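Every chain is numbered from 1 and lettered A, B, ... according to where its sequence line falls, protein lines coming before strand lines. All values reported here derive from a predicted model rather than from experimental measurement.
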Protein chains: 2
Amino acid sequence: MYTECNRLQIKVRREEDTIVKMIDVAQLANVSTATVSRVLQNPEEVKEETRKRVLSSIKQLNYQPNVLARHLRKNKTNTILVVVPNILNTVFSHIVGGIEHTASKNNFRVILGNSNKDINKEYDFLNVLKQRQVDGMILLSAQMDSDTLNELVKEYSVVIASEYKESVNAAMVTIDNIKSGIMATRHLLRLGHKQVAHISGPLSNYLSKDRFKGYKQAIIQQGLEVDSDLIKEGAFTLESGFDQTIALLNSNKPFSALFAANDVMAIGAIKAAKVYGVRVPEDLAVVGFDNIGFSSVFDPGITTIAQPMTEMGNKAMELLLKSMKGTEYRKERIMLQTNLIIRESCGAKK
Amino acid sequence: MYTECNRLQIKVRREEDTIVKMIDVAQLANVSTATVSRVLQNPEEVKEETRKRVLSSIKQLNYQPNVLARHLRKNKTNTILVVVPNILNTVFSHIVGGIEHTASKNNFRVILGNSNKDINKEYDFLNVLKQRQVDGMILLSAQMDSDTLNELVKEYSVVIASEYKESVNAAMVTIDNIKSGIMATRHLLRLGHKQVAHISGPLSNYLSKDRFKGYKQAIIQQGLEVDSDLIKEGAFTLESGFDQTIALLNSNKPFSALFAANDVMAIGAIKAAKVYGVRVPEDLAVVGFDNIGFSSVFDPGITTIAQPMTEMGNKAMELLLKSMKGTEYRKERIMLQTNLIIRESCGAKK
DNA sequence: CTGAAAGCGCTAACAC
DNA sequence: GTGTTAGCGCTTTCAG
């Protein structure tokens, strides 16, 4: 039918293509939109018979609620934003994995924002929160200035994870990087090393600063002196680990051990040592940090500090959920345990 | 002031906390909301003087547009969904990196959906699209049945990347996995190996099937026979690479070369060989696939097929942008080049 | 237990 | 160049 008139045909087609709205379901089920909405939101408030009728209409029309409209009305999106400094770093992938897990268990969706360590991008992502596109935010990077963050925390739900900031009143979940740095360094000292080098992460991070602090404390506690020639700043990348180790080796300053602030740099360092003809662990003992998957499979296996990445993500999301529910803003801090995993690269095992 | 009355004070506080809306900006600037909206959407349509006034009101009130309302009105979210089978796999992180890059250049946001290879989760994510929460979708996994996908493609903008499906009319960006599989295997055959083993990816993937096909074709082209005892199905994980290599070695079937369907499994395989006292490449030549970061730093360096991961992401997003603009649905297919990278694990280099 | 109706905050067609 | 106004599709009082 309607074939005699193109206009009408087009109209008919449009109506087929057109999106099924709540009102359509309501009409088919002979109820009001309010009742349809109730069936979706609070089914127990609707008489069983009516509910069944509505549900079958929904099915029949293949109705999909417009979540945007719902969000606008409720002023809630059930979505959170995670700002990651670098999606390619497996440590962050694991943390995000944990966040995702807990989020989806609680019916929340996760938007990933990759800041690429660009501080301006980080500031940009704040707008996503301020424009109410998400209900909360987890920062895996905290380069922004404390004032901005403190202002933010007053109005919005924010959790900082992995990275942290002393002067910010946000909820945080971290590990004790100082203690872990001590643990790593002390392990090398106990093995008899007197000249322990260190390749730190970017010192703009508290996290890197603290691992570095731990390194220094361990050395001082041992009655030794911190030698600035044995300390290099890396960037948590393979290349930086490689390059800084070459730099250390070139300097001709003797050292028999190295604590790299993450496994990736430790692996870069060992590669550099090999190129240089320095054997690991015989000539150079190496300890890393993170316990990423490759650490166990690399040759030699990397002795490292394991941090509970997935758990960190889970906890961060839990904290965020709490803070999104609660009215008073929270500044809880959770500190997770790390532990030393001894493999071949430090020479403790034969 | 108002200190004499708690009620009022509370009221005042509320009004401060209250969200600034477009109407507030309009009133302060002495214009209508339409004009404010124009300043934000089509500034050139507004007289400069008015525009300046509006902009200064926006600044003064620190106004943040409610993007939800905008999206509802425009029926467009400027957000896309990327469904990833496994966020911890660096190949996917790189592709996502590329997608993210092109997306943000075009003012699109990316939501990451981690399906964890769970097909039900994949089906779940379809609803995000159907409920108009996102404008389009990139699938890095395509486990869903072709019928569902074909239905989907008719109504929504969908691009499949990395993985693919023969019978689906979606836009796709892939590499030639058959050709690449041939390339990898032929390289080993050219080095004189007669018994080349293969650890495939999960054979539910077309991608794995095709690399496997390539392997078989290369062997047959060489006039040799495909020996099913030398073929194992892996899961693209370190562990599966390790375990299946142990299985191969235990079978006592001789083989002098191995093509692993990804680098991670190649590394697992080499680890297994080491445990077994088999030297790589002297006793066993290994070729991987992907050219992940660790391949170059592992000892021995992994000979591998490099695939352009970031570019794949970029192209996928470009395709999606096109399809979201265009009315007619597109089924363009882009095939990107791969190339063999020779390192130590195959024994071609001394 | 159900319906009517008032918005959520914004955009865009139409009027001036 | 600017204002008026009608929605976008849903939820949630308030009545009945």
Worksheet item: Counting only heavy atoms not in A/Glu44, do more than 12 sit closer than 6.0 Å to its CD atom?
Response: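 Correct, the count exceeds 12.
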
Worksheet item: More than 12 foreign heavy atoms under 6.0 Å from NZ of B/Lys76: is that the case here?
Response: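 Yes.
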
Worksheet, complete the sentence: Heavy-atom nearest nucleotide on DNA chain D taken for B/Ala34 and for A/Pro65; more 5' hit belongs to B/Ala34

Response to the item:
Taking for B/Val31 and for B/Arg73 the nucleotide of DNA chain D with the nearest heavy atom, the one nearer the 5' end belongs to B/Val31

Worksheet item: Hey, is the side chain of A/Arg132 pairing donor to acceptor with the base of C/dG9 inside 3.5 Å?
Response: no

Worksheet item: Which heavy atom of B/Val20 sits nearest a heavy atom of B/Tyr63, and at what distance?
Response: O-CD1, 3.4 Å

Worksheet item: Of all heavy-atom pairs between A/Asp135 and A/Asn78, which one has the smallest distance, and what is that distance?
Response: OD2-N, 2.7 Å

So, OP1 or OP2 of [N]: does either fall under 4.0 Å of a side-chain N or O from [X]?
| X | N | value |
| --- | --- | --- |
| A/Tyr63 | D/dG9 | no |
| A/Ser37 | D/dT12 | no |
| A/Lys21 | D/dG9 | yes |

Return the nearest nucleotide to the side chain of [X]; candidates are [options].
| X | options | value |
| --- | --- | --- |
| B/Thr33 | D/dT5, D/dC8, D/dT11 | D/dT5 |
| B/Asn66 | D/dT11, C/dC10, D/dC10 | C/dC10 |
| A/Thr35 | D/dC8, D/dC10, C/dG3 | C/dG3 |

[X] [atom1] to [N] [atom2]: how many Å, rounded?
| X | N | atom1 | atom2 | value |
| --- | --- | --- | --- | --- |
| A/Met22 | D/dT12 | CE | P | 10 Å |
| B/Asn75 | D/dC10 | CG | C1' | 13 Å |
| B/Lys74 | D/dG7 | NZ | P | 20 Å |
| A/Gln27 | C/dG3 | CD | C1' | 14 Å |
| B/Ile19 | C/dC8 | CD1 | P | 12 Å |
| A/Gln41 | D/dT13 | CD | P | 12 Å |
| A/Lys47 | C/dG3 | NZ | P | 10 Å |
| B/Arg38 | D/dG1 | CZ | P | 10 Å |

Worksheet, complete the sentence: To the nearest 0.5 Å, atom CD of B/Glu318 lies from atom CD of B/Glu332 at 10.0 Å

Worksheet item: With a non-hydrogen cut-off below 4.0 angstrom, is B/Asn30 in contact with a base, only sugar-phosphate, or nothing?
Response: sugar-phosphate

